[in-house]
Asks: 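Pasting a structure below so you can have a look.
All residue numbers refer to positions in the sequence shown, counting from 1. Values below: every heavy atom of this structure, side chains too, minus hydrogens, waters and symmetry copies. In each ligand, atom 1 is the first atom listed, and ligand 1 is the first ligand listed.
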Amino acid sequence: MTVEDIVVDGSSPEGGVISVWTLNRPDKLNALNAESHRAIKEASARANSDDSVRCVVIKGAPPPEAEEGKRPKPHAFAAGADISEFAGKDSDDVRPFFEDNAWEAVWNISKPTIAMVDGFALGGGTELALSCDIRIASDRSTFGQPEINLGLIPGGGGTQRLCRLIGYGRTMEIVLSGGMVKAEDALKMGIVNRMVSPEELESETMNLAEEISRKSPYTTKVAKRVVRGALELPFSEGVLMERSEFVALFDTEDKEVGVRAFLERSEADWVGR
Ligand code: COA
């Protein structure tokens with residue numbers, strides 16, 4: 001995987017970056033092997049600890065030029081966990097790997113995350129996109145949880161995150177059939193937030209990432225934590241948690257910065273606390 005920091009012009013506090021991660025095994029449709037997991041976990045830890053990182057974008061490398069006489073490989077975000085690493089393994093072999101995996105590492109990033117999907121996002125690829133806060137896909141993308149075809153089920157949180165995102169019946173259909181879900185249907189179901197042409201995908205994603213990166217980095221973290229509460233807490237507790245976090249924001253400098261900027265019709269110059 002490669003990690004590139006894109007500086008956000010006009011970000012305040014200054015020096016804010018969008019951390020763009022590119023899954024880089026296009027020959028294998030960016031299937032997630034042990035090395036991909038290690039790299040994603042390392043980048044997730046850095047996204048949490050490095051104050052300059054305002055937002056994370058995850059994407060797949062495009063396919064290489066087709067070799068002479070061979071058909072070109074398709075575009076992919078990630079075509080799942082690397083199936084070649086499953087053969088001959090028993091539960092003791094895979095348990096440590098699945099107990100400390102990339103899907104949870106991404107889910108536990110405290111800052112906003114966006115999956116930019118162009119092509120196949122299957123199995124662990126769909127799950128990686130689901131671990132992000134927002135999904136933007138090209139119209140040639142395909143989602144799915146085909147693990148059932150391998151005698152398996154999703155193991156990267158897919159059953160739970162998909163269910164919360166699109167509901168029980170639709171999740172059951174996807175998990176039990178192992179079928180492919182085209183981008184258009186993924187949009188209708190709410191698996192993806194937006195669907196655009198492949199040509200527009202990068203600008204659409206980066207524009208949103210920049211917009212998010214220009215907010216107070218302190219407040220975006222609070223917002224993410226509170227919205228997450230809706231997945232974890234009973235409703236009345238979630239409302240109380242939101243209220244308490246909202247009230248606590250009145251003790252931050254960035255609330256003064258934001259309110260003053262509105263009243264003075266100027267740009268907010270966030271301080272990040
Ligand atoms: N793990 C390991 N390798 C994978 C892979 C995966 N999940 N998905 C694709 N690949 C590899 C293929 O083995 C092939 O390698 P090769 O060229 O060295 O033989 C290469 O990526 C291209 O894939 P290929 O199957 O030839 O492309 P296709 O266009 O015919 O089909 C898919 C595309 C996505 C439909 C097909 O690759 C597929 O079904 N992949 C597995 C999806 C899956 O079950 N994921 C869940 C895993 S738990």
Asks: May I ask you to identify the nearest protein heavy atom to atom 37 (O) of ligand 1, giving residue, atom name and distance to one decimal place in Å?
Replies: Leu29 CD1, 3.7 Å

Asks: What's the shortest distance from atom 17 (O) of ligand 1 to any protein heavy atom, and which residue and atom give it?
Replies: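 The closest one turns out to be Lys73 NZ, 2.7 Å.
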
Asks: Tell me which protein heavy atom sits closest to atom 5 (C) of ligand 1, plus the residue, atom name and distance to 0.1 Å.
Replies: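 Ranking protein heavy atoms by distance from atom 5 (C) of ligand 1, first comes Ala31 CB, 4.0 Å.
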
Asks: Relative to ligand 1, is Ala79 under 4.0 angstrom through side chain, backbone, both or neither, heavy atoms considered?
Replies: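 Under 4.0 Å from ligand 1, Ala79 contributes backbone and side-chain atoms.
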
Asks: Judged by modelled atom types alone, do Ser84 and Asp82 share a side-chain donor-acceptor pair under 3.5 Å?
Replies: yes

Asks: Starting from atom 13 (O) of ligand 1, what is the nearest protein heavy atom, named by residue and atom, and what distance separates them?
Replies: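 The protein heavy atom lying closest is Lys28 NZ, 4.6 Å.
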
Asks: Of all the atoms in ligand 1, which lie at a distance below 4.0 Å from a heavy atom belonging to Pro74?
Replies: 29 (O)

Asks: Considering only non-hydrogen protein atoms, determine which one is nearest to atom 1 (N) of ligand 1 and report residue, atom name and distance to 0.1 Å.
Replies: Ile83 N, 2.9 Å

Asks: Against heavy atoms of Glu147, which atoms of ligand 1 measure under 4.0 Å?
Replies: 48 (S)

Asks: Name all residues meeting the side chain to side chain contact (heavy atoms under 4.5 Å, CB included) criterion together with Met206; count only those two or more places apart in sequence or in a different chain, and write none if there are none.
Replies: Ile6, Ile18, Val20, Val57, Glu202

Asks: Begin with the C-alpha distance, continue with both residues' side-chain angles, and end with the deciding distance and a verdict on side chain to side chain contact (heavy atoms under 4.5 Å, CB included) for Arg214 and Val8.
Replies: CA-CA 8 Å; Arg214 289 210 184 87; Val8 182; 4.1 Å; yes

Asks: Show me which atoms of ligand 1 lie under 4.0 Å from any heavy atom of Pro146.
Replies: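 This gives 43 (C), 44 (O), 45 (N), 46 (C) as the contact atoms.
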
Asks: If we count only non-hydrogen protein atoms and require a distance under 4.0 Å, does atom 44 (O) of ligand 1 qualify as touching the protein?
Replies: yes

Asks: Return the minimal non-hydrogen interatomic distance between Gly60 and Thr22, and the atom names on each side.
Replies: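 Closest approach of Gly60 to Thr22: C-CG2, 4.0 Å.
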
Asks: In this structure, does ligand 1 have an atom that sits under 4.0 Å from one of the heavy atoms of Glu85?
Replies: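 In this structure, Glu85 fails to qualify as a contact of ligand 1 - no heavy atom is under 4.0 Å.
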
Asks: Using a 4.0 Å heavy-atom threshold (strictly under), name the region of Arg71 that reaches ligand 1: side chain, backbone, both or neither.
Replies: side chain

Asks: For atom 14 (C) of ligand 1, which protein heavy atom lies nearest, and how many Å away is it?
Replies: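 So the nearest neighbour among protein heavy atoms is Asp27 O, 4.4 Å.
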
Asks: Short N/O distance, under 3.5 Å, between Ala81 and ligand 1?
Replies: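 It does: an N or O of Ala81 is found under 3.5 Å from an N or O of ligand 1.
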
Asks: For ligand 1, which atoms, with element, lie under 4.0 Å from some heavy atom of Phe120?
Replies: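 Ligand 1 atoms under the 4.0 Å threshold to Phe120: 33 (C), 34 (C).
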
Asks: If every non-hydrogen atom of Cys132 is compared with every non-hydrogen atom of Ile58, which pair is closest and at what distance?
Replies: SG-CD1, 3.8 Å

Asks: Please list the nearest protein heavy atom to atom 39 (O) of ligand 1 with its residue and the distance rounded to 0.1 Å.
Replies: Leu122 CD1, 4.6 Å

Asks: Looking only at protein heavy atoms, which one is nearest to atom 35 (C) of ligand 1, and how far off is it?
Replies: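 That would be Met180 CE, 3.9 Å.
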
Asks: Check ligand 1 against Asp82 and write out every atom of the ligand that is under 4.0 Å from a heavy-atom position of the residue.
Replies: 1 (N), 2 (C)

